[in-house]
Amino acid sequence: MKNTTLKAMLFSLTLFGSVAITAQSKKISLNSPDGKTSTDITVGKTIQYSIIQDGQKVLSPSTLSMTLSDGTIWGSNSIVKSVKTDEVNTVIDAPFYKSKKVTDHYKKAVLTFKGDWSLEFRVYDDGVAYRFISKKKGKFNVVNEVAEYKFTDDATATVPYVYSVGDQEHQLSQSFENTYTTLPISQLDKERLIFLPLSVATPAKKRITITESDLRDYPGMYFKAGNNKNTLTAFFAPLRDQIKEHSGYNNLQVIVNKRHDYIAKVASERSFPWRAAIVTANDVDLANTTMTFKLAAENVIGDTKWIKPGKVAWDWWNNWNLEGVDFKAGINNETYKYYIDFASKNGIEYIILDEGWAVNKVYDLMQVVPEINVEELIAYGKERNVGIILWAGYYAFDKDMEKVCKHYSEMGVKGFKIDFMNGDDQEMVSFNERAAKMCAKYKLLTDLHGTYKPAGLQRTYPNILNFEGVHGLEQMKWQPITTDQVTYDVTIPFIRMISGPVDYTQGAMNNAVKALNTITNVVETQYYPNFSKPMSQGTRCHQLAEYVIFLSPLNMLCDTPTNYEKNPVTTAFIAAIPTVWDESKTISGSMGEYIVTARRSGNDWYIGGLNNWDAREITLDVQEITGKSGTVTVFKDGINADMNGVDFAKVTENSADKLTIRMAPGGGFVVKI
């Protein structure tokens, strides 16, 4: 290396890190703004990086590389041309995130290598992220990317396996919905793919939560547990080559028959997705992280004033079940007018026409069933200040995307819920962005259902208000009684939700708990799967608290209007709660046990608590949490909620500095100040 290059590298790292250079390797160290988190990057025969927090190594040297179609390996015997560092401290506008303003403060290093490529590292107070950047001219394919996470010992991982089992293709065709498995890494199933986010508790009493951000035109990242007991290694779906149409559910999906021997096509200079390791000493800090949002590309659609978040009266979960009406309930205009009337009466912004409004088993969203008149429903809703959102299978939507968006936007439809993507190879990831871009062009909201976790696209295209990629309440229509949804509910705020909003679809009025059978003296679950008249696990207040705990700018009311009409106190609360927030902070909690989160909208604070199956007592310092006093309204588990999940109490006090609230097993609470 020439002396001039060495001097430049040393100068550029004077403020933010250090570099040691020998004939064999180069070491770059980069610290976080608070100095507590750092990464050591070593460039030699391979490129590795490690993570240190509070003086403890939490990630051992882990290898990264990218293999191109011409045989080039970025990360093998790489030659550093320059290293540039910087510190960034700015504020991001986030109109539909958990806080309207997000501080983005980090230190970064950009390592430029011979061969027209770079690595960018960012170190935040709560983690480390890196990405590849290509300046390579011309087209090429990415054959594989190595992203390794090597822990200091056999750490314990909490992971979501793909729900599907079997061969690789079967595992890749899935909707990213499963509960969590917690095991030492050495005991994880080596034959089963793991999707993101996942979380690892290290022997150093730190937690590393792994995900990705700015995922665009590139496959999403899975993980596999290998033969090394303390290592997780990334896996990427190869690009699809041949598909079979008219497959899967109601012939609305596609099946991949053949894949290429590479994972991505690259057509121009670009950056690749961020690989993020969030490092926290406690679960509260993890729930409060904003790292993945900050790593995403900024808003590309411009003005967001036309985007109206809100709540949705949803039809599919409750199976269009209405009572006391003089028409046959189902997929018809009479039923949807009833939903519109219900929404209008309660100030609910939208209804959705889920699957069934368009002719089934065909890829054509211009064919509407004779029982539905979309124009008539739009007009009826407009008179009552209720917008219409349409469900769409992804392949039908993709057949003629612009025609569909233009047609229904001009008709007055407010958005689309797009479903059945069921994969995250490059084609599916690209579809999500194309759909978001087209919907933005025609001022349409977007709810990406049947897809992978958020990975930054919601910042880039703020018209995407929701992502599924969650084991939501719809699962209670068919999951066996052994499914523990309550424990899942107090896990996802610490794992899945760090990536962004969830289309969880809460709001059940039939609430099943685990109750003592006084004859056998055995605690029995009241829950059982019921497709046409489903229920939730946990108490009524568990459901109410999910409207505070779960981030969902487009939030569903999953139950039937007639069930809500029978429960006016509950319904009034759900209908009035905001779906976007000026400020949010998790106050206390422990993954898999409980969580307490406070959110502010204007002058109103809401504090929500969710519990697992252990009874728990929570004391809240309202003044400390909110900085204010005022009228306090509390929804809490009733005295008999452990036997009858629908039992709750509503209490209003003129003012209260401290509140002590008991949560029943599977319980919850909401406080409004």
Side-chain angles (χ1 to χ4, degrees), residues 175 243-255 307 312-317 320 330-333 335-337 339-340 350-382 386-423 427-451 457 461 463-468 474 503 505 554 556:
S175 57
I243 62 168
K244 178 185 177 183
E245 295 184 337
H246 300 292
S247 304
Y249 177 76
N250 275 340
N251 288 340
L252 293 174
Q253 299 170 273
V254 298
I255 292 176
I307 300 171
V312 185
W314 185 33
D315 53 353
W316 183 86
W317 192 79
W320 300 269
I331 301 172
N332 55 54
N333 268 34
T335 297
Y336 284 116
K337 285 181 179 180
Y339 277 77
I340 291 170
Y350 302 100
I351 73 159
I352 191 166
L353 276 62
D354 212 290
E355 182 196 0
W357 67 271
V359 174
N360 219 337
K361 300 188 178 182
V362 296
Y363 301 128
D364 188 356
L365 294 171
M366 307 302 289
Q367 295 186 42
V368 181
V369 298
E371 296 83 2
I372 293 291
N373 185 319
V374 179
E375 294 97 329
E376 182 181 327
L377 291 175
I378 291 169
Y380 190 83
K382 187 175 182 180
V386 177
I388 306 295
I389 295 172
L390 298 177
W391 178 93
Y394 108 84
Y395 200 65
F397 190 81
D398 201 24
K399 280 286 188 179
D400 200 343
M401 190 185 294
E402 181 146 24
K403 180 181 178 181
V404 167
C405 288
K406 185 175 187 295
H407 173 74
Y408 286 109
S409 175
E410 291 175 349
M411 191 182 291
V413 166
K414 300 302 181 183
F416 279 97
K417 172 184 175 180
I418 308 171
D419 204 351
F420 293 147
M421 285 72 98
N422 287 18
E427 184 169 335
M428 283 295 89
V429 172
S430 298
F431 165 81
N432 278 359
E433 181 166 2
R434 287 188 291 107
K437 185 176 182 180
M438 189 64 71
C439 284
K441 177 179 178 179
Y442 289 99
K443 301 291 191 290
L444 293 165
L445 306 177
T446 314
D447 177 2
L448 294 176
H449 208 69
T451 194
L457 201 62
Y461 293 87
N463 58 309
I464 307 176
L465 293 179
N466 268 13
F467 290 73
E468 194 183 18
E474 69 175 46
D503 195 13
T505 68
L554 193 67
M556 304 290 165

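Here, residue 1 is the first one in the sequence, and each next residue gets the next number. We use all heavy atoms of the structure for the numbers below, so side chains are in, but hydrogens, waters and symmetry mates are not.
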Original post:
Has the side chain of Ser409 got a donor or acceptor atom that lies under 3.5 Å from a matching backbone atom of Lys406?
Top reply: no

**OP:** Could you tell me whether the side chain of Ile372 reaches within less than 4.5 Å of the side chain of Leu353, counting heavy atoms only?
**Re:** yes

**OP:** Considering non-hydrogen atoms only, spot the tightest contact between Asn373 and Asn333 and give its length.
**Re:** N-OD1, 2.8 Å

Subject >> Test item: side-chain donor near acceptor, Tyr461 and Glu433, under 3.5 Å >> reply: yes

Original post:
Going through the distances and angles, do Lys417 and Leu390 end up as a side-chain contact (heavy atoms from CB on, under 4.5 Å)?
Top reply: CA-CA 6 Å; Lys417 172 184 175 180; Leu390 298 177; over 6 Å; no

**OP:** Ignoring hydrogens and angles, tell me if any N or O in the side chain of Asn463 forms a donor-acceptor pair with the backbone of Thr446 under 3.5 Å.
**Re:** no

Original post:
Just by distance, with hydrogens left out, do His407 and Glu402 show a side-chain donor and acceptor under 3.5 Å apart?
Top reply: no

Subject >> Where Ala436 and Ile464 come nearest, the two heavy atoms and their spacing >> reply: CB-CD1, 3.5 Å

Subject >> Ile389 vs Ile351 side-chain heavy atoms within contact, under 4.5 Å >> reply: no

**OP:** Grab the two heavy atoms, one from Ala392 and one from Leu365, that are nearest each other, plus how far apart they are.
**Re:** CB-CD1, 3.6 Å

Original post:
Which atoms form the tightest heavy-atom contact between Asp364 and Ala396, and what is the distance?
Top reply: N-CB, 4.0 Å

Original post:
Considering all heavy atoms of both residues, which atom of Ile340 and which atom of Val386 are nearest to each other, and what is their separation?
Top reply: O-CG2, 3.9 Å

Original post:
Which pair of non-hydrogen atoms, one from Lys361 and one from Leu252, has the smallest distance, and what is that distance?
Top reply: N-CD2, 3.8 Å

**OP:** Take Glu245 and Asn251 through the test side chain to side chain donor-acceptor pair (under 3.5 Å) and record every step on the way to the result.
**Re:** CA-CA 8 Å; Glu245 295 184 337; Asn251 288 340; over 6 Å; no

Subject >> Result of checking Trp320, Trp314, Trp317 against Asp354 for side chain to side chain donor-acceptor pair (under 3.5 Å) >> reply: Trp314

Original post:
Does a donor on one side chain and an acceptor on the other come within less than 3.5 Å for Tyr394 and Asn432?
Top reply: no

Original post:
Given side chains that start at C-beta, do those of Val254 and Lys244 come closer than 4.5 Å, heavy atoms only?
Top reply: no

Original post:
Are the side chains of Leu448 and Asn466 in touch, meaning some heavy atoms are under 4.5 Å apart?
Top reply: no

**OP:** In sequence, state the C-alpha distance, the side-chain angles, and the governing distance for Ile243 and Ile255, and then conclude on side-chain contact (heavy atoms from CB on, under 4.5 Å).
**Re:** CA-CA 5 Å; Ile243 62 168; Ile255 292 176; over 6 Å; no

Original post:
So do the side chains of Leu444 and Cys405 get within less than 4.5 Å of each other, counting heavy atoms only?
Top reply: yes

Original post:
Quick check, are the ring centers of Trp357 and Tyr408 under 6.0 angstrom apart?
Top reply: yes

**OP:** Could you go through the ring-ring contact (aromatic ring centres under 6.0 Å, His included) check for Tyr395 and Phe420 one step at a time?
**Re:** CA-CA 8 Å; Tyr395 200 65; Phe420 293 147; over 10 Å; no

Original post:
With side chains defined as the heavy atoms from C-beta onward, is the minimum distance between Asn332 and Tyr336 less than 4.5 Å?
Top reply: no

**OP:** Evaluate the ring planes of His246 and Tyr363, with Trp represented by its six-membered ring, and classify them as parallel (under 30°), tilted (30 to 60°) or perpendicular (over 60°).
**Re:** parallel

Original post:
Does Lys337 count as lying over the ring of Tyr380, i.e. NZ or CZ under 6.0 Å from the six-ring centre, within 45 degrees of the axis?
Top reply: yes

Original post:
Under the side-chain contact (heavy atoms from CB on, under 4.5 Å) criterion, do Lys414 and Ile388 qualify, and how do the steps go?
Top reply: CA-CA 6 Å; Lys414 300 302 181 183; Ile388 306 295; 5.8 Å; no

Original post:
Does some side-chain heavy atom of His449 sit less than 4.5 Å from a side-chain heavy atom of Asp503?
Top reply: yes

Subject >> Among Phe397, Trp391, Tyr249, the one residue meeting side-chain contact (heavy atoms from CB on, under 4.5 Å) with Asp419 >> reply: Trp391

Subject >> Working for side-chain contact (heavy atoms from CB on, under 4.5 Å), residues Ile418 and Asp447 >> reply: CA-CA 6 Å; Ile418 308 171; Asp447 177 2; over 6 Å; no

